[in-house]
Protein chains: 2
Amino acid sequence: MADQVGGPAQVVLTASVARRYYLDGRSKVEIAEEFGLSRFKVARLIDAARDSGLVRIEIHHQGEIDVNLSAHVQDRFGLQHAIIVDTPDDHAESLRQHLGRAAAELLSEVITPRDVLGLAWARSVSAMAKSLPRLPGIPVVQLTGALSLPNDDDCSVDAVRDVARASGGRAFLFYAPFTVPDATTARALRQQPEVARTFGQLPFVTKAVVGVGLWECGQSTLYDAAEECDRRALRHLGVCADISGVFVSADGEAVQTDLAERMIGITAEQMRAIPEVIAIPYGTAKAPAVRAALRSGLVSGLVTHTALAHALLDNG
Amino acid sequence: MADQVGGPAQVVLTASVARRYYLDGRSKVEIAEEFGLSRFKVARLIDAARDSGLVRIEIHHQGEIDVNLSAHVQDRFGLQHAIIVDTPDDHAESLRQHLGRAAAELLSEVITPRDVLGLAWARSVSAMAKSLPRLPGIPVVQLTGALSLPNDDDCSVDAVRDVARASGGRAFLFYAPFTVPDATTARALRQQPEVARTFGQLPFVTKAVVGVGLWECGQSTLYDAAEECDRRALRHLGVCADISGVFVSADGEAVQTDLAERMIGITAEQMRAIPEVIAIPYGTAKAPAVRAALRSGLVSGLVTHTALAHALLDNG
DNA sequence: ACACCTCCTGCTCATTTGAGCGATGACCCG
DNA sequence: CGGGTCATCGCTCAAATGAGCAGGAGGTGT
């Protein structure tokens with residue numbers, strides 16, 4: 001990379017040749033004829049131009065997406081898709097909107113008319129649904145029950161309905177909470193026609209969008225909604241992340257929990273059967289949970305922001 | 001050039017492929033295998049990456065030389081060599097030093113042991129001589145007589161002697177003024193052994209370095225040294241530039257003058273016979289003279305600064 | 001539903017390109 | 001001056017590449 005091209009005449013000649021080759025798209029043979037050189041000489045000049053740094057090649061997208069980081073993350077974690085949105089902004093609301101839009105673009109790009117779409121409960125999923133443009137007429141399946149938030153403005157049922165409406169496909173949805181007080185109630189709820197019908201579609205789901213939570217206060221809506229004893233119990237079981245209700249440990253293993261029996265939602269096995277699961281996490285604090293989710297192999301697509309991506313890579 | 005690559009997944013894929021191709025130097029076949037694509041698809045992705053501006057290729061030298069401008073000037077005026085030094089600085093003294101150094105580098109690059117070097121009188125030539133490193137042992141020939149400047153610190157004789165000493169070759173030099181009061185004296189001087197011997201070498205000179213002056217007050221040492229009647233006479237003859245004593249009009253034609261008979265220096269024909277003549281002009285005011293000199297075909301190499309180069313191109 | 005239409009994909013063949021090789025020439029040191 | 005050393009140059013052959021073409025999928029407008 002040291003500037004070892006030669007004297008100034010050599011530098012100018014090298015630059016001219018490199019310009020013709022890289023910018024004007026001429027072949028080396030043409031250039032050789034034009035400059036009265038052998039094509040080998042031209043090739044060596046071009047090599048020298050690259051080695052010396054005279055020719056600088058940059059890959060940079062002028063949109064919101066950090067392509068280099070995206071590719072790096074995708075490569076590092078063996079993902080089918082990774083979209084890293086470059087936004088300095090770290091307000092949760094704004095972040096969610098940006099990621100939602102990016103995820104919507106990604107989804108509408110990868111979805112085909114033969115897909116069956118699954119949507120889990122998450123604010124980021126709702127944000128995505130809001131930005132989603134026209135989709136082919138595909139079935140949309142609700143993956144989890146609903147969780148009420150203090151300032152509740154979205155819920156998965158809306159998202160499923162909205163997306164199904166936008167696509168013109170069938171909507172498999174149900175009205176039930178994500179968690180219930182006891183396993184019996186959960187079993188009963190699962191027997192309900194709408195729930196059973198919806199969960200019966202799970203094996204056919206080919207693409208899903210989920211959220212990821214870190215099993216800590218304020219980092220998972222499920223955690224925040226759980227009783228203290230469940231919080232502690234799951235922590236003791238080594239739960240690190242919840243992927244829209246599927247619990248995994250820091251090393252990516254699915255964790256069996258009592259809480260799961262009291263939940264109305266997709267299981268780890270069912271999620272693993274889905275060919276492509278896209279997660280939309282945000283906030284650097286969630287890095288350990290996202291790492292766990294990626295290690296688990298349950299998640300094959302990631303839409304997030306630069307800060308979290310860096311956090312993932314720094315200690316990944 | 002519009003960003004028409006597709007959705008975010010497409011963008012990331014395109015960027016990954018482009019990175020492998022341009023930065024990692026992989027072949028398209030390798031990339032196709034790695035990504036599970038056809039090599040045609042890879043080629044199209046790479047084309048798209050270039051067209052969309054995702055891949056940006058810049059050619060920029062991190063030294064003093066503006067390679068793009070140099071190439072442009074060289075191309076525009078059909079020169080063998082053009083070196084444009086990028087210096088914001090426009091103090092004549094400093095400019096001369098920079099250009100002198102660049103010209104010295106150029107000369108030491110293009111000179112071969114079989115060359116015969118001619119040096120004209122000019123401050124820039126002296127500046128070059130000062131920066132000139134070791135040269136092969138070649139003969140050095142003085143092309144013109146000397147002109148005394150008010151604050152005289154250099155003269156061509158010194159330059160010739162210095163260069164010859166540095167190269168270890170023979171020095172053909174003489175001590176005579178550039179201009180004398182009458183043609184008879186000039187003829188007599190040309191008969192002098194040293195002068196005759198030196199001028200006898202002119203047909204063998206293969207490379208020469210000269211200065212360029214604009215035939216106006218303060219833009220040519222020859223003009224400044226001339227009598228008012230000569231100044232006017234030459235202006236009426238359409239003289240635009242003097243190339244170390246060779247007068248040319250704005251359209252590049254050599255101009256026959258009375259003054260030439262009273263000068264001890266190289267003629268237009270002799271200069272035209274030299275395969276490579278390098279000029280080292282500076283100062284934007286001289287642009288018309290440099291254009292004339294380039295048009296004349298007498299000068300085939302140019303070493304100058306960005307401002308003058310731009311001035312040349314703006315109205316070239 | 002049907003035909004059309006456009007875009008996308010992958011093929012073939014001719015050209016371009018890269019890696020390695022021997023020859024030539026310059027340089028260095030005795 | 002002469003031998004050794006090194007870099008540079010252009011060639012050969014095989015792989016890589018680009019241009020043009022035909023088939024097919026998906027979308028669209030009656």
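Just so we're on the same page: letters track the sequence lines, and every chain starts at 1. Treat the numbers as computed from the prediction; the structure is a model and nothing was measured.
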Go through [options] for me and flag the one nearest to the [X] side chain.
| X | options | value |
| --- | --- | --- |
| A:Lys28 | C:dA26, D:dG18, C:dG18 | C:dG18 |
| A:Arg39 | D:dT17, C:dG10, C:dT17 | C:dT17 |
| A:Lys41 | D:dG10, C:dG18, D:dT17 | D:dG10 |
| B:Val29 | D:dG18, D:dT17, D:dT12 | D:dT17 |

(message) Reading DNA chain C from 5' onward, which residue's closest nucleotide shows up sooner: A:Tyr21 or A:Arg44?
(response) A:Tyr21
(message) Between A:Asp47 and B:Leu37, which residue's closest nucleotide on DNA chain C lies nearer the 5′ terminus?
(response) B:Leu37
(message) Given 3.5 Å as the limit, does a donor-acceptor pair link the side chain of A:Gln142 with the main chain of A:Phe174, or not?
(response) yes
(message) Looking at B:Thr112, is its backbone amide N or carbonyl O close enough to the side chain of B:Asp115 to form a donor-acceptor pair, meaning the two atoms are under 3.5 Å apart?
(response) yes
Rounded to the Å, how far apart are [X] [atom1] and [N] [atom2]?
| X | N | atom1 | atom2 | result |
| --- | --- | --- | --- | --- |
| B:Glu30 | D:dA16 | CD | P | 7 Å |
| B:Phe40 | D:dA19 | CZ | P | 12 Å |
| B:Ile111 | C:dA26 | CD1 | P | 16 Å |
| B:Phe35 | C:dT9 | CZ | P | 16 Å |
| A:Gln10 | D:dC9 | CD | C1' | 14 Å |
| B:Ile46 | D:dG18 | CD1 | P | 8 Å |
| B:Ile31 | D:dT17 | CD1 | C1' | 12 Å |
| B:Leu45 | D:dT17 | CG | P | 14 Å |

(message) Counting only side-chain nitrogens and oxygens, does A:Arg26 get under 4.0 Å of the OP1 or OP2 atom of D:dG18?
(response) no
(request) Return no unless some side-chain N or O of A:Ser38 is found under 4.0 Å from OP1 or OP2 of D:dG10. (result) yes
(message) So, taking the atom named NE2 in B:His98 and the one named CD1 in B:Ile280, what distance separates them when rounded to the nearest 0.5 Å?
(response) 14.5 Å
(message) For a quick check under 3.5 Å, do A:Thr306 and A:Asp66 share a side-chain donor-acceptor pair by atom type?
(response) no
(message) Quick check: on DNA chain D, is the nucleotide nearest B:Ser27 upstream (toward 5') of the one nearest A:Arg114, or the reverse? Name the residue that is more 5'.
(response) B:Ser27
(message) Just so I know, are the side chains of B:Ser16 and B:Phe35 near enough to count as touching, which here means a heavy-atom distance under 4.5 Å?
(response) yes
